[in-house]
2 protein chains.
Amino acid sequence: MPTPDRTSLAQIVEAAREILESAGLAGLTMQAVADRVGVRAPSLYKRVRSRGDLIGLVADATLQDMGARLDAIPTGADPRQDLTELARAFRAFAHERPAGYRLIFDWGPETVKLDQASFVRAAAPLLRIAADLAGPEHELEAARTITAWANGFLSMELAGAFNLGGDLDLAFEYGVARLADAFIGTRPAAIG
Amino acid sequence: MPTPDRTSLAQIVEAAREILESAGLAGLTMQAVADRVGVRAPSLYKRVRSRGDLIGLVADATLQDMGARLDAIPTGADPRQDLTELARAFRAFAHERPAGYRLIFDWGPETVKLDQASFVRAAAPLLRIAADLAGPEHELEAARTITAWANGFLSMELAGAFNLGGDLDLAFEYGVARLADAFIGTRPAAIG
DNA sequence: ACCTGAACACCGTTCAAGT
DNA sequence: ACCTGAACACCGTTCAAGT
C-alpha cells in the first residue's frame, strides 16, 4: 500500500530559499530543509538528486523571479530614464534576496549551473535599453558593460567590500548617470 | 625536549593557495593542506585558528599580490590610457589566479574577512586615476563605478555567466573605453 | 613546544526494511 | 511508492599522550 506524499518538490525548494536567506549557503543543509518540510533527510532524495541540485533549483527560481520583476518595469520614451529605473529595480531585488542574488551571480559554477533560458529572459529588458542607448550594433557590448557594473556594484555592496566610507546610494546613482551618458557618442546619427 | 618544526605558517598558506587554485574552495580541506606540507591535520591548528582563518590568510595574501601588481604599473600623461592599462592588468591577474580572485571579491564575508589596509593599498592606483578623470570631488564615486564594472566583468567572465556568445576581449575593451569617456563631462574646466 | 592518534559532532548520501 | 533508521565516508576540531 503506497504512502501518501508528505511533501513536494515545490515545498522543498521554497523551504530551501527561506533557509538560504536566513542562514546562508553553509546553513542550507539537507537536515535543515528536511526539518522545515517535516520529513527525514533521506526522503529528500526522492525529489532531488543532491544538495547541489537543490541549490541549482533555488538559484533558478530566484533568477526567474528577478526576470519577472525586471520585465514588469514600464518603459518610456527616454532610454536614460529607463536604464535608471531598471538599475534601481535590480538593486532593490538584490537587497530583498541577498543570498539568492549572490547565488546567481557570485557563487559561480562551482556551486550552481543556471538555466540558459532563465538568463536570456532576465537579460531581455536590458538588451532593449542597451540597443536604444548604444545602437543595435553595440547592443551586446553595451548590455555587458551595464550588467558588469550593476552586478559588480551589488556584489561589493552586499559583501561589504566598499569599505572606504562614503554614501553608497549616491555612488550608485552617480554610476547609472555616467553609464547612461557613456554610450551616446557611439550611437549612429539619428535620421534627418 | 622540544620537537623541531616540521612546517611553517608561510608554507601552510602557500600550500593552501595552490590547493585553492587546483581544487577550488571545496577542495581546500585541512587534510589536503596537511598532506601537502607533510604533517597531520591536527598539527595545522598550532599555526592557524581555523579553516576560516586560513582562508582569510589566503585571501589577504592574494590581495597583497594584486596590490603590488597594480602599483607597479607605470602611469603617463593620459589618464584614459592609464585606466586602460590598469584594467588590463586587473583582468590578467584575475585570469592567473581565478579562485584567489573570487575569494577576494565574490565569496564574501561569509567566508572571508579582508584586511582593510590591504584593500586600501590595492585601491590606491585606481583612486589616483579616478581623480584625474573625474576631478577630485568625484574621486570616490568614479573609482567605485570603475571597480564595480571591472569586478563585475571578471566575476561574470570567470563564472561563465556571459552566456550570450560574442567576443569577451572586445566587450572588455569596449567597456574600458566607454568608462574612460564617461567622466570627462563631469570634470571641472581646466585652468586657462 | 610541536606532533600525533583517537575521538566527537556534523555533514551528504545510500540502502534495506517498513507501510 | 514514499518514508525511515542505520550505516558509511568525509569533514573540522579537540585533546590527552608522546617526544
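Just the heavy atoms: all of them, side chains too, but no hydrogens, waters or symmetry mates, feed the values below. Chain letters run A, B, ... following the sequence lines, proteins first and then strands; every chain starts at 1.
- Checking D:dC15, C:dC11, C:dC3 against every side-chain atom of B:Val39, the shortest atom distance belongs to C:dC3.
- For the pair B:Ile55 CD1 and D:dC11 C1', the computed distance is 13 Å after rounding to whole Å.
- Whole-Å rounding puts the A:Tyr45 OH to C:dG12 P distance at 6 Å.
- One atom, CD1 of B:Ile12, and another, P of D:dG12, lie 14 Å apart when rounded to the nearest Å.
- Residue A:Arg47 is in sugar-phosphate contact alone, with no base atom involved, counting any heavy-atom pair closer than 4.0 Å across all strands shown.
- Under the Watson-Crick or G-U wobble criterion, with both distances below 3.5 Å, D:dA9 has no partner in any strand shown.
- Across every non-hydrogen atom of A:Leu70 and A:Ala89, the tightest pair is CD2-CB, 4.0 Å.
- Pairing partner, C:dG18: D:dC2, with both Watson-Crick or wobble hydrogen-bond distances short of 3.5 Å.
- Taking atom CE of residue A:Met30 and atom C1' of nucleotide D:dC3, one finds them 15 Å apart after rounding to whole Å.
- For A:Asp5, counting side-chain heavy atoms from C-beta on, the closest listed nucleotide (C:dC3, C:dT13, D:dC2) is D:dC2.
- Checked by atom type, the side-chain pair B:Asn151/B:Ser155 shows a donor-acceptor distance below 3.5 Å.
- Taking the charged nitrogens against the carboxylate oxygens, B:Arg91 and B:Glu157 do have a contact shorter than 4.0 Å, which makes a salt bridge.
- OP1 and OP2 of D:dC2 both lie 4.0 Å or more from every side-chain N or O belonging to A:Ser43.
- Nearest to the side-chain atoms of A:Arg51 among the listed nucleotides D:dC3, C:dT13, C:dC3 stands C:dT13.
- B:Val48 approaches B:Met30 most closely through the heavy-atom pair CG1-CE, 4.3 Å.
- Among the nucleotides D:dT14, C:dG12, D:dC2, the one closest to the side chain of A:Thr29 is C:dG12.
- B:Ile146 is listed as a side-chain neighbour of B:Phe183, based on a closest heavy-atom distance under 4.5 Å.
- One interatomic measurement links the two molecules: CD of B:Gln31 to P of D:dC10, which rounds to 10 Å at whole-angstrom precision.
- To the nearest angstrom, C1' of D:dT14 lies 15 Å from CZ of B:Arg49.
- Comparing C:dG12, D:dC3, C:dT14 against the side chain of A:Pro42 picks out C:dT14 as the nearest.
- Atom CZ of B:Arg40 and atom C1' of D:dA17 are 16 Å apart (whole Å).
- The separation between A:Leu28 atom CG and C:dG12 atom C1' is 12 Å, rounded to whole Å.
- When the nucleotides D:dC2, C:dT13, D:dT4 are ranked by their closest atom to the side chain of A:Ala41, C:dT13 comes out on top.
- Counting non-hydrogen atoms under 4.0 angstrom, A:Thr7 reaches the backbone sugars and phosphates but no base.
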